[in-house]
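So you know, we letter chains A, B, ... as the sequences are listed, proteins then strands, and number each from 1. A quick note: this is a predicted structure, and the numbers were derived from the prediction, not measured.
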2 protein chains.
Amino acid sequence: MKVDGTHYRTIWPDPDGRRVIILDQTLFPHRFETVALETVDEAAHAIRAMLVRGAPLIGATAAYGVALALRDDPSDQCLSRAIINLSGTRPTAINLRWALDRMQLRLAPLTPAERAAAAWREAATICDEDVAINAAIGDNGLPIIEGIAGKKGGAPVNILTHCNAGWLATVDWGTATAPIYKAHDKGIAVHVWVDETRPRNQGAFLTAWELGRHGVPHTVIVDNAGGHLMQHGRVDMVIVGTDRTTARGDVCNKIGTYLKALAARDNGVPFYVALPTPTIDWTVDDGVAGIPIEDRSGDEVRRIAGLAADGQVAAVDLLPPGSAAANPAFDVTPARLVTALITERGVVPATAEGVARLRPDV
Amino acid sequence: MKVDGTHYRTIWPDPDGRRVIILDQTLFPHRFETVALETVDEAAHAIRAMLVRGAPLIGATAAYGVALALRDDPSDQCLSRAIINLSGTRPTAINLRWALDRMQLRLAPLTPAERAAAAWREAATICDEDVAINAAIGDNGLPIIEGIAGKKGGAPVNILTHCNAGWLATVDWGTATAPIYKAHDKGIAVHVWVDETRPRNQGAFLTAWELGRHGVPHTVIVDNAGGHLMQHGRVDMVIVGTDRTTARGDVCNKIGTYLKALAARDNGVPFYVALPTPTIDWTVDDGVAGIPIEDRSGDEVRRIAGLAADGQVAAVDLLPPGSAAANPAFDVTPARLVTALITERGVVPATAEGVARLRPDV
């Protein structure tokens, strides 16, 4: 999407053919800087230190990491080493494993002389496919926004979102944001309520940043505010992303998503979840019982970083000495609270029957 | 309640008979300091600058402010000036108005020679009455916690609370915390999930501090986490306070309370609201339609203060430049989501019939 008028992806090969450029997302929202990755170790560091984050972008970065490794040494050993190195960077990221398996499968059968060029091509293809999937999610979600806009007679469609399922988490477009960008780019008036999304503030730090740079009107709110806004008719729809969707349509997403789904149901506000179908977990039905939730460090609750008066990014402590903090990172929104799933293959109800229409073999 | 073994109220007359001592709550949770108020202007400043906060404590501070004014000049003019001065400090605080009206009514008929002593006595009585009301709320709520404890065979009763309806908001005991302190002091195992309560973090800054200092086991969580904990049976009950309760039992409390009530209902977790009956607003039935919600400055969302690495309290910015922030301060939880109201006059259902039993004339 655009950053103050210039179109960017979150990752792209440098025209010099030797490097890969990313955005340093650890600096958002206070600074916008690109970083050139020259080696596989730099790519691994970018993933581990979360300069890049979001499952699709992590996969794309890993794929380019393999290409960087093979650029100067296309041997079998180098390929194996690169894949082992990269696969240890974020152990739980499914897209990372998937992208590396795909690179391995594509490159191992080739002669070393063919590998480097093929690796760059395959990484580019992985990126282009991600962009195409997200653009399709946008195209499929667009009519929902258009439908609401049609009833509002030109007044902005108010869309609430939680966390960052935006273009910064993907190669472009994002998932939850794709229909919003498509609507905005088409001239439909939209306004986004951005949950700040404690404790890591991805809403405030990333979603607000990317919406602002692309020119989409938005307002940041604390995570507590959405229910009140819905009670007063100030939210027309909710769109969120998901890390994992079960075969019956339960949705595992950033902690707090479930509370917004409850408020949406209580106030008759439609609650949509945008996802690429490859993230559906066909092995789980009941998400609350079946999806283990990561307990992250309480330090993420205890301490927060922001821009200090001296213009530097600084962290401050928020808790009394001696108080414990717990930090479950995700929650599960039961399918009964989800109006529909917006995917690259179409919009389906969040039911076992609806999700079954998205099976790869259908 | 206790601070590391020593019993405190939030306000008390200095034994020198000339000053009033308060805790500087703006320094919580990072520093614990008492402040001596010597003049009515200092009392007014303490209220205006939020060294004291919470409706009952604001009322008590105003009452003592009148006493400070009359100590050296018990004239009619001085009494009037003091009341005008104090009543402008927090225009929307109903307790402030109530306490000042009460001081005026009690003191105006007296001769100037009698006034100073009567003012100190009346302020002390206002404080003692607040303590007695909150202690009674605690006694009435205690059996609810005991009942759950009885079913848990010694395992801690997990109680979630939002914002600070603790002793720091009152003279002692608090409202929502009173049953918790009563249970803890009686040896019943309790554990409190403390919502940090963005944007002003009263949960993290005040509730966690006071529970910790009194020795009550507790864990701070982000406001997003409560629904997930309830889904997994890790919350036995919710107790919150309220700023205003309608005649049918709708509850206006800190923003985000409504979301917790929805999650409690969805998971069969009882949701209690603790309140002194004088805060019931008999003129309103439908809280969502009838209670105007204060929109506070977006700067409270944009900026947060905490303890910096150098040991100083510092504020950091959290939003991208150019992003707007909205900040509704309260929301309304409909009575249908409230299990019961815990008051100094007993526990009643949150229905028009239940609340009617609490009418002053009953």
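With a 4.5 angstrom heavy-atom cutoff, B/Leu211 does not touch chain A via any of its atoms. Using a 4.5 Å cut-off between heavy atoms, B/Arg31 makes no contact with chain A at all. Contacts between B/Ala305 and chain A at a heavy-atom distance below 4.5 Å involve the backbone alone (N, CA, C, O). Looking at B/Pro321, the atoms closer than 4.5 Å to chain A (heavy atoms on both sides) sit in the backbone and in the side chain alike.
Counting heavy-atom pairs under 4.5 Å between each of B/Trp209, B/Trp193, B/Tyr258 and chain A puts B/Tyr258 at the top. Between chain A and the options B/Ala208, B/Ala314, B/Gly298, B/Ala308, the largest number of non-hydrogen pairs under 4.5 Å is found for B/Ala208. Of the listed residues (B/Pro320, B/Ala315, B/Gly256, B/Gly306), the one with the most heavy-atom contacts under 4.5 Å to chain A is B/Pro320. Between chain A and the options B/Ala309, B/Ala325, B/Pro217, B/Ala329, heavy-atom pairs under 4.5 Å are most frequent for B/Ala325. In terms of non-hydrogen atom pairs under 4.5 Å with chain B, the most contact-rich of A/Pro328, A/Gly212, A/Pro334 is A/Pro328. Of the residues considered (A/Leu206, A/Ile221, A/Val194, A/Leu262), A/Leu262 shows the highest number of contacts with chain B, using heavy-atom pairs under 4.5 Å. Heavy-atom pairs under 4.5 Å with chain A were tallied for B/Lys254, B/Arg303, B/Arg198; the largest tally goes to B/Arg198. Counting heavy-atom pairs closer than 4.5 Å to chain A, the top-ranked of the candidates B/Val220, B/Asp331, B/Val288 is B/Val220.
Within the model, atoms CG of B/Leu259 and NZ of A/Lys260 stand 5.5 Å from one another, a figure rounded to the nearest 0.5 Å. Once rounded to the nearest 0.5 Å, the distance linking CG of A/Leu319 with NE2 of B/His30 reads 8.5 Å. Once rounded to the nearest 0.5 Å, the distance linking OG1 of A/Thr197 with CG of B/Asp223 reads 12.0 Å. One finds the CD1 atom of B/Ile255 at 7.0 Å from the CG atom of A/Leu229 (value rounded to the nearest 0.5 Å).
Between the A/Glu196 side chain and the B/Val301 main chain, no donor and acceptor come within less than 3.5 Å of each other.
A salt bridge is defined here as a Lys NZ or Arg NE, NH1 or NH2 lying under 4.0 Å from an Asp or Glu carboxylate O, and B/Asp266 with A/Arg265 fails to meet this definition.
The nearest pair of heavy atoms linking B/Leu318 to A/Pro29 is O-CG, 4.1 Å.
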